[in-house]
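Here's the structure, in structure tokens; my notes come after.
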Number of protein chains: 2
Amino acid sequence: MSSRSKPVSSGTGPANSRGKPTLRTIADITGLAVTTVSRALANAPQISIETRNRVRQVALDIGYSPDRAAQRLKTGRTNVIAVLLEPHEEILGYGTSVMAGIAKALQGTPYHLIVMPNFLNSANIDAINYIIRNSMADGLIFSRTEPLDPRVMLLSENGFAFVTHGRTELATAHPFVDYDNYTFAYEATRRLIAKGRRRLALIGGPAGYTFAGHIQHGFMTAVREAGCAYEILSDIDLDSPAAAIRDRIRRRYAEKDPPDGFTCGGEVCALATITGMTDCGLTLGLEYDIVAKQTSQLLTAIQPRVDTIYEDLTATGEHMGRILLRRIAGSNDVNELQLLLNPELPFETQPARVAD
Amino acid sequence: MSSRSKPVSSGTGPANSRGKPTLRTIADITGLAVTTVSRALANAPQISIETRNRVRQVALDIGYSPDRAAQRLKTGRTNVIAVLLEPHEEILGYGTSVMAGIAKALQGTPYHLIVMPNFLNSANIDAINYIIRNSMADGLIFSRTEPLDPRVMLLSENGFAFVTHGRTELATAHPFVDYDNYTFAYEATRRLIAKGRRRLALIGGPAGYTFAGHIQHGFMTAVREAGCAYEILSDIDLDSPAAAIRDRIRRRYAEKDPPDGFTCGGEVCALATITGMTDCGLTLGLEYDIVAKQTSQLLTAIQPRVDTIYEDLTATGEHMGRILLRRIAGSNDVNELQLLLNPELPFETQPARVAD
DNA sequence: TCGTATGATGAAAACGTTTTAAATGGTCAA
DNA sequence: TTGACCATTTAAAACGTTTTCATCATACGA
């Protein structure tokens, strides 16, 4: 009997109605009981080493794999990690980078990554409610926290395992991974100052999100330290359409004392800023400078080179995955469930954080 | 003795070990049998209208929702649509756009969208095998087909429902949605010619994929018709890192008779081309032109404006979703399972397709 | 010899659905 | 009255696991 079967079905033919081998199939072949087979495959200690091996071998031969639905029904565990993906993440593959990282963390575990896109029903507290009620997953990951994030509260109340990308200001600690956006903005702005720029502008995060506050705080600290003129372009943010940012820049330039340095929270808005300034006849590096947050390879394509500070979203995803697994495994230790990632700065400027 | 009998209030909480209401809970409350409750909720015809309503009301009151694992175990259906996401789709949110479309198509159906990222185990035929064997989904969507795509063959052999983004050249028809990349490239190249460019270059798709062939064919047809000089920048493609494309452009320009028109299959590669040409002191629209495929808002941010032809990836996703649902429902009619989308062209240039 | 660990296996009961087959009344034609 | 035929409802058997609680040798200290 040649046992190299390309299609899914095996040579011996499983005794199953649906055609898939089950524990019963193995039990019949080996003459053991279903219980024993289940235990052998689960590496239960009470099973003798030789029957264990025999069972494993048969399972391998007939291409057995456990029915997830049955496991899930019996144990209540889903072996699924859900990620909430939001519309803004369409841009520039934010979601995809993070997901790649999560997938990496889940590699080799029994967990699957499933994505619940939130493109339609914009109130994503509903999505979370749905996941909890239908126990769609063993753990949840989502991003862009608010200081008093209702999602975090809901999940905490229900004892549902989760990790956020971003911090909150809630009293009860919860697992998170965050990037130190304060230091990012502080350092970015200091770089502009070091280049001799004295009229600085910020294009930060959308109002309401925790990280937007961090960015603004970092920016403000730097400009106040240096005592230079500043402004926050508050009717646009790093999520705004490129065209809107470009227009805004042009309009601003028509007024008096326009900025000569921009701290940009994202890549697309940096690009749009360049476009707007170019429209006004100004050249990057000559009449003005930009320091932007970089999360992809996009800006490396354009000329002249934009000064950036990197945030590694794939690493973020991987950390979130690992932390969530720890959390699901029962950890309550805040030290191993919370992580604040530092911007990767050139060595000499590293300890730029000020006591505030 | 009358512990929790008639009252619908269910203040006592569900009688379940896991705390979630089940069919049994409703049966106990209404005094009906589990079978009847199941049927009532499934709108089975044999249930009287009044018990149906009563059951529905109770279900609503106590917040019942069926256990997906149990349904899945019993019926063999998963109510899940899987999407295979590949590493290249990290760039520019290809995956996210498509997923948004699929989610839209699945809206209001019992189906969930789950994403199997293929970032790690690069041989994604394995991923498909895994999905089939573990019956992880009722249907599958994936992209970037090859002319003799082994994934398509595997799925067809196993009778697994799927839709591809892209065509194959296999004998047996299968459901697909594709964009007419031939017409895209043909029309893009004709635009360059119309602008007076006579030394044309193509940055197309990665070798091996069906759509890469279509792009090349469209490009070749146009340049041959016009009888102008052409070249295919074969060691780079639209997936190449921006830096690589930029270098390649610079090197090419150092040689003799450099191109003055570029047909670009993607946005990032168009951007990188501009950068490379700018390095050489050349200005878009002046010394050279580009026509690129546009799938996002990225290029609208840069200046001068790049001429583009649009491909709507969200619409593609939505079509794929609808077709897959049709397929799962049992349709075999090729006419409603295959769809070729036309590039959106200005009206006067619309019927550009040549007989070949 | 007994009683008792000990080490390995099994039988059977769940988990929450759907589905097959059967039961219950009631009505109606003969 | 009888049987047949509806319209509703139900009991019970799955689906493939895991888990609780036995069972059954065999070995061991007494």
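Within every chain, numbering begins at 1; the chains are lettered A, B, ... in the order of the sequence lines, protein sequences first and strands thereafter. This is a predicted model, so every value here is computed, not measured.
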Checklist entry - Separation of B:R72 atom CZ from D:dG16 atom P, in whole Å? => result 13 Å
Item to check | Backbone N/O of A:I132 and side chain of A:S135: donor-acceptor pair under 3.5 Å | outcome: no
Checklist entry - Pick from A:D333, A:L337, A:D138: which one makes a side-chain contact (heavy atoms from CB on, under 4.5 Å) with A:R327? => result A:L337
Item to check | Spacing of A:L41 atom CG relative to D:dT19 atom P, expressed in whole Å | outcome: 14 Å
Next on the checklist: Any donor-acceptor pair under 3.5 Å linking the side-chain atoms of B:S38 with those of B:T35?
Outcome noted: no
Item to check | Selection from D:dG16, C:dT18, D:dT10 that lies nearest to any side-chain heavy atom of B:K74 | outcome: C:dT18
Next on the checklist: Nearest whole Å is fine: how far is C:dC15 C1' from A:R68 CZ?
Outcome noted: 17 Å
Below 3.5 Å between N/O atoms, which protein atoms pair up with nucleotides 23-25 of chain D? Just atom names and distances, please.
none

Checklist entry - Using a heavy-atom distance cut-off of less than 4.0 Å, which residues of residues 46-56 of chain B contact DNA chain D? => result B:Q46, B:I47, B:S48, B:T51
Item to check | hbond_proxy A:T36 side chain to C:dA8 base (donor-acceptor, 3.5 Å cutoff) | outcome: no
Next on the checklist: For a quick check of understanding: with a heavy-atom distance under 4.0 Å over all strands, which category does B:R24 fall into, base, sugar-phosphate or nothing?
Outcome noted: nothing
Next on the checklist: Can you see if the side chain of B:S38 gets near the phosphate of C:dT18 - specifically, an N or O under 4.0 Å from OP1 or OP2?
Outcome noted: yes
Checklist entry - Between the side chain of B:R144 and the main-chain N/O of B:G166, is any donor-acceptor distance below 3.5 Å? => result no
Checklist entry - Have B:R133 and B:N158 got a donor and an acceptor in their side chains that come within less than 3.5 Å? => result no
Item to check | Whole-Å distance separating the CG atom of B:L23 from the C1' atom of C:dC15 | outcome: 13 Å
Checklist entry - Side chains of B:I102 and B:E318: closer than 4.5 Å at any heavy-atom pair? => result no
Checklist entry - Using the benzene-type ring in the case of Trp, are the ring centres of B:H319 and B:F176 under 6.0 Å apart? => result no
Set out, line by line, the N/O atom pairs under 3.5 Å between protein and nucleotides 23-28 of chain C.
none

Checklist entry - For the pair made of CZ in A:R77 and P in D:dT19, what is the distance, rounded to whole Å? => result 7 Å
Item to check | Separation of C:dG16 C1' from B:I26 CD1 (nearest whole Å) | outcome: 12 Å
Checklist entry - Going by distance alone, is a donor N or O of one side chain under 3.5 Å from an acceptor N or O of the other, for B:S331 and B:E336? => result yes
Checklist entry - If only side-chain N and O atoms of A:Q71 are considered, is one of them under 4.0 Å from the OP1 or OP2 phosphate oxygen of D:dT18? => result yes
Checklist entry - Among side-chain atoms of A:N332 and A:R326, is any donor-acceptor pair under 3.5 angstrom? => result no
Checklist outcome for this item: Whole-Å distance, A:L73 CG to D:dA14 P, equals 17 Å
Next on the checklist: Please classify the nucleic acid contact of B:A33 as base, sugar-phosphate, or nothing, using heavy-atom distances under 4.0 Å.
Outcome noted: sugar-phosphate
Checklist entry - Judged by atom type as modelled, is there a donor-acceptor pair below 3.5 Å linking the side chain of A:D149 to the main-chain atoms of A:E146? => result yes
Checklist entry - Can you find a donor-acceptor pair, distance only, under 3.5 Å between B:R39 side chain and D:dT10 base? => result yes
Checklist entry - With respect to the side chain of B:T35, which nucleotide from C:dT19, D:dT17, C:dA11 is positioned closest? => result C:dT19
Checklist entry - A:D67 CG to C:dT17 P: how many Å, rounded? => result 17 Å
Item to check | A:F142 ring center near A:H165 ring center (under 6.0 Å) | outcome: no
Item to check | Polar side chain donor-acceptor pair, B:N53 to B:Q57, under 3.5 angstrom | outcome: no
